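Letters go in sequence order (proteins before strands), and every chain restarts at 1. Please read all numbers here as calculations on a predicted model, not as lab measurements.
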Number of protein chains: 2
Amino acid sequence: MATREEILSAAQRHLISEPTASLGDLASAAGIGRATLHRHFASRDELLVEIAERSLDRWQERLDHVDVEAVAASGDGERIRACLIELMHAYVLDAEEFGVALTDHVATHTRALRERCDALLDREVLLHAAGQETGVLRRDVPARWIGHAVYGLLVAARDALEAGDVARRDLPDLVLTTLVDGVSA
Amino acid sequence: MATREEILSAAQRHLISEPTASLGDLASAAGIGRATLHRHFASRDELLVEIAERSLDRWQERLDHVDVEAVAASGDGERIRACLIELMHAYVLDAEEFGVALTDHVATHTRALRERCDALLDREVLLHAAGQETGVLRRDVPARWIGHAVYGLLVAARDALEAGDVARRDLPDLVLTTLVDGVSA
DNA sequence: CTCGTGTGAGACATTTGTGTCTCAAACGAG
DNA sequence: CTCGTTTGAGACACAAATGTCTCACACGAG
């Protein structure tokens with residue numbers, strides 16, 4: 001017997017490797033029957049929206065936890081750097097469980113979700129911009145591009161992990177250093 | 001009247017912003033009727049597979065054009081660096097037209113396409129490894145991770161361009177420098 | 001002009017997955 | 001043990017998209 005949370009967790013993990021899985025497949029992945037899945041979620045869309053919202057909730061929690069606005073407003077370069085590092089590590093850890101939302105069509109194309117995502121990205125870009133002003137991050141690239149680069153490397157992290165190309169324990173530092181230092185020698 | 005190539009081009013561009021577009025939508029995007037689309041492609045799957053194959057063809061052409069194996073085997077750091085830069089620029093330009101294949105389910109989950117993609121990635125990772133050996137690229141990250149990072153930044157580039165967050169003419173250098181130098185100051 | 005060919009709209013059949021519901025069985029509480 | 005609740009399998013309805021086909025019309029070649 002699976003709780004609603006357990007169903008959501010199982011579904012979102014299954015969707016990472018099988019993005020077009022049927023509701024029957026998702027029910028099986030959660031160890032329940034399809035009728036039971038429907039008792040919890042009225043439709044496929046409701047399930048996918050809720051998965052996307054959980055991912056946005058997690059992102060929001062990450063930003064809240066570090067109090068991103070206060071850090072950005074502090075003007076303290078070291079504090080901003082530490083915050084960026086903490087966030088990046090946290091995102092990489094999250095990508096394993098929540099990574100489906102990075103590329104799922106419902107998550108990326110539903111108006112309300114898109115708007116919520118943009119709002120969270122704006123908060124984060126505040127931090128990137130503060131990093132640029134305090135000399136932590138380079139100024140010659142748009143702050144918003146940094147947000148995209150973070151996103152792209154998270155997609156890469158999710159896929160590298162899924163493909164077994166990278167060890168789970170290496171991934172946070174690997175992604176962080178790739179973002180921060182790049183790949184040149 | 002659209003040629004087969006024109007239909008493919010229109011479809012793959014439309015799919016970037018509307019990944020779940022119906023065949024009717026894709027036909028409209030190409031300026032033809034759905035019956036005509038079916039005269040060219042027996043099924044949706046055939047259309048999507050062909051789009052994916054075109055993208056892989058382009059990637060292959062890029063690798064062939066620079067003769068990636070010869071460059072990797074040359075042991076010449078400068079030559080390798082120039083080749084990496086040339087490829088990266090080319091990939092970013094390609095992302096606008098061929099970017100759908102980066103995340104399309106048919107492209108990423110069809111066995112034969114997956115295998116072809118892995119083979120091309122292997123060729124490219126040869127170059128990354130050669131870059132590491134010659135001191136162009138850092139050695140403390142897996143060569144294969146560099147391939148993933150390239151992929152992730154291309155997804156980011158496609159989306160940033162689609163979102164209008166970055167100017168088209170700035171994108172190649174922006175992506176390259178993010179990959180090479182990272183975002184730290 | 002005629003004629004052959006290609007086209008798109010539309011009708012219809014099929015498919016797949018989703019949504020809805022029933023019911024026998026399982027399960028846990030008392 | 002009984003009884004109320006939950007469950008999953010399975011049947012069925014529905015919907016959207018795909019696949020198939022027809023036919024009137026458009027178009028270009030001769």
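When the nearest nucleotides of DNA chain D are assigned to B:Ala35 and B:Ala21 by heavy-atom distance, the more 5′-ward of the two goes with B:Ala21.
Of all nucleotides listed (D:dA17, D:dG10, C:dG17), C:dG17 comes nearest to the side chain of A:Ser22. Of the candidates C:dG19, C:dC21, D:dG19, the closest approach to any side-chain atom of B:Arg44 belongs to D:dG19.
Checked for salt-bridge contact, A:Arg62 and A:Glu86 miss the test: no charged N lies under 4.0 Å from a carboxylate O.
Taking atom CG of B:Asp25 as the reference point, atom C1' of D:dA17 lies 10 Å away to the nearest angstrom. Nucleotide C:dG10 holds its P atom 15 Å from the CZ atom of B:Arg39, rounded to whole Å. In this structure, B:Glu18 atom CD and D:dA17 atom C1' are separated by 16 Å, rounded to whole Å. Distance CG (A:Leu37) to P (C:dT18): 10 Å, rounded to an integer number of Å. Between the CG atom of B:Leu26 and the P atom of D:dA17 there is a distance of 12 Å, rounded to whole Å. Computed from coordinates, the B:His38 NE2 to C:dA9 P distance equals 14 Å when rounded to whole Å. One atom, CZ of B:Arg34, and another, P of C:dA11, lie 12 Å apart when rounded to the nearest Å. When the C1' atom of C:dT20 is taken as reference, atom CG of A:Leu23 falls 13 Å away, rounded to whole Å.
Residues A:Gln132 and A:Val141 meet the side-chain proximity criterion, which asks for heavy atoms closer than 4.5 Å. When side chains are defined from C-beta on, B:Leu15 counts as touching B:Ile51, because their heavy atoms get closer than 4.5 Å.
Here the CD atom belonging to A:Glu133 is positioned 8.0 Å from the CD1 atom belonging to A:Ile80, to the nearest 0.5 angstrom.
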